[in-house]
Amino acid sequence: MLKIKNIFLSLLLSIFTSFAFAAGEMHEPMHPDWSFQGPLGKFERAELQRGYQVYTEVCSSCHSMDLLSYRNLIQEGGPEFSEKQVKAMAAMFEVEAGPDADGEMFMRPAILSDKFVSPWKNEQEGRISNGGAYPPDLSVMVKARPGGADYLYSLLLGYEDETPEGITLDDGVYYNIYAKNQKIAMPQVIYEDGVEYTDGTAATEVQMARDVTAFLAWSAEPKLEERKRIGFKVIIYLIILSFLLYFTNKRIWKDTSH
Amino acid sequence: MSDDYQPQSAVAKWIDKRLPIVTLFSGHLMQFPTPKNLNYWWTFGGILTFCLITQIITGLVLAMHYIADANLAFASVEHIMRDVNYGWLLRYIHATGASMFFIAVYLHMARSLFYGSYKEPRELIWIIGVFIFLLMVATAFMGYVLPWGQMSFWGATVITNLFSAVPFFGEAITNWLWGDYSVSGALLTRFFTLHYLMPFLIFGLVILHIWALHVPGNNNPEGIDVVKGQDTVPFHPHYVVKDVLALVVFMIIFAGFVFFSPNILGHSDNYIQANPLQTPEHIVPEWYFLPFYAILRAIPDKLGGVIAMVSAIAILAFIPWLDSSKVRSCKYRPLYRQFYWILIIDFIVLGYLGAQPATGIYLILGRLATLYYFLHFILVMPLIGYIEKPKPLPKSISEPVLSKEEQLAKSGQMA
């Protein structure tokens, strides 16, 4: 009996562990320490702020973030820029508004309630500008890929100068260790000093990849801090309640032989 | 059981004279005589009721913010996650809740199978339960389609396409289901409507399930009939408190998923908006459907696969008559008990295989596991009843308790 139960348990475990990385098509990504890992993890404001800078100055020329509004950058649990800062940052983008009293559409600077301005008018424009491959929206990207933040971080740093022998790359396809089949349509975009951080941090490749990945982790899960904070309280509450119930139950059944 | 209840307050008396609802609740939720030897495997009924009500309440609020439209559904779910007050909490409870619901229902069914709760005189309770399970499967499947992510879309495509296996009318049926010539927004709106309706049908069946249960009363780990009074305790407070204790422990695990790992039970592809032009590499259903998915794929013929998958659930409704043994509890069935555990392992293996590509060794194992699944019910269950020599049953449920106490007393004396 015990043996059967052991087999049963080990099978149960294997179900939950076998989903991750199938076959040899993908390499296990790097696993850097993230501040937002773990049951009490939080984002680092400075990291998110730098990450926003990397997104705006590097990624946003190809990738949209349709689900985010500029006001989100102020919200608690995010980069927490000041309202003044975000108003100025939003005003750097132009959005179409209207129609005005004459029935004309017009351009105006973006305001807090506007969604992040997309680099493309539509998907077709994005495709034609990128050799047919549409750069996907990044709003929930961290949740949309197995491996999440680890995978994106690794992918950003997975480019190598030399393509190994035996791998032939078509036009517009690049070699990347962590991409599926080691091929990806996105060229390397993270280079040392690719941005000049406003807080003076040295913009190494690792630093930039790390910052922008943290920013994307936040954008995919903007309520992460609140969730973990509430969850901690809920679980403590339930554990205390379960102890009380355990003793109540014991007391109630005291006089019943069963 | 409710004859000894007299309403006390004037209001209760007034109501009870006109509609004996106070007597009804008092009889069924307070005084109901319950075997005193029920173990914690009997707490899943209450847990499942909690799951259903949680899903209905969270679902109701989600439906206030969700938009069932192929172009807007995905963004409306993200709107719930980002802008609705505690929307993330509601959605994660609802999504995780589906998984927790299935964990509980599988354990509830496994308990019934082990202790023979499906046997005379409880056949109808079990059969209603099979229908509840069937509705749960349909509801969960349709719910998974609503966020209109890649897995939603392609899961819906795979499953609705199964109807095309019906001879002659297959195509007409699928087109009728889709309301279109492919999976599209028309399917999304009708799935939303049905997903909203079905929990209330489940709720109705749950009432029948409990009603039917309260005619013969609970089965128990010994699987023998109980003597009222001597072997029973009132439902309240004994089982109310015990059930709530189990429920709170269940909620700790539930909360662990909701707050600390809300996406682990889902598939990352469902955070990509549905794209009819791009098929995901592996289309996998939610984990709780995997055993049935493995059965579907084990049969090389499409129609055969569909029949096998449907039969895998339908056959459960017949086990009160497939099981030829009169002994209910596996505690007293040394031979069948072994096969019971083989069935459980077989089901888990099927779940594992459902997540693997249907090729090579996985396919062969899938076929063997499917074969055993059906053989268990068609062959093993009827035959063992004749071969097996059950252990002697206790005369009453108080007897094994007493003998245990006697043993304790004896060992106490020796020490």
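Treat the numbers as computed from the prediction; the structure is a model and nothing was measured. A, B, ... follow the sequence lines: proteins, then strands. Residue 1 opens every chain.
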Got [X] and [Y] here, is their nearest side-chain heavy-atom distance under 4.5 Å?
X	Y	value
A/Pro222	B/Arg82	yes
B/His79	A/Leu67	no
B/Pro262	A/Arg227	yes
A/Trp253	B/Lys242	yes

If you draw a 6.0 Å radius around [atom1] in [X], do more than 12 non-hydrogen atoms from other residues or ligands fall strictly inside?
X	atom1	value
A/Tyr246	OH	no
A/Arg251	CZ	no
B/Trp41	CH2	no
B/Phe347	CZ	yes
B/Leu368	CG	yes
A/Ile167	CD1	yes

Between [X] and chain B, with a heavy-atom cut-off of 4.5 Å, which part of the residue counts as in contact: side chain, backbone, both or neither?
X	result
A/Ile239	both
A/Pro39	both
A/Lys180	side chain

Between [X] and [Y], what is the shortest heavy-atom contact and its length?
X	Y	result
B/Val248	A/Ser242	CG1-CB, 3.7 Å
A/Ile230	B/Trp88	CD1-CZ2, 3.9 Å
A/Lys143	B/Tyr92	NZ-OH, 3.2 Å
A/Glu226	B/Tyr86	OE2-CE2, 3.5 Å
A/Leu238	B/Ala255	CD1-CB, 4.2 Å
A/Val140	B/Tyr271	CG2-O, 3.4 Å

Kindly compute the distance separating [atom1] ([X]) from [atom2] ([Y]), expressed to the nearest 0.5 Å.
X	Y	atom1	atom2	result
B/Leu245	A/Phe247	CG	CZ	10.5 Å
B/Leu247	A/Leu241	CG	CG	9.5 Å
A/Leu68	B/Glu78	CG	CD	9.5 Å
B/Ile253	A/Ile235	CD1	CD1	10.0 Å
A/Phe232	B/Phe259	CZ	CZ	13.0 Å
B/Ile252	A/Tyr237	CD1	OH	11.5 Å

Give, as side chain, backbone, both or neither, the part of [X] having an atom under 4.5 angstrom from any heavy atom of chain A.
X	result
B/Val240	neither
B/Val244	both
B/Leu89	neither

Chain A: which of [options] shares the most heavy-atom pairs with it under 4.5 Å?
options	value
B/Val249, B/Asp269, B/Asn39, B/Val241	B/Val241
B/Asn270, B/Ile264, B/Asn263	B/Asn263
B/Ala75, B/Pro237, B/Ser268, B/Ser261	B/Ser268

Would you call A/Arg71-B/Asp83 a salt bridge at under 4.0 Å N-O?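 Salt bridge between A/Arg71 and B/Asp83, a charged N being under 4.0 Å from a carboxylate O: yes.
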
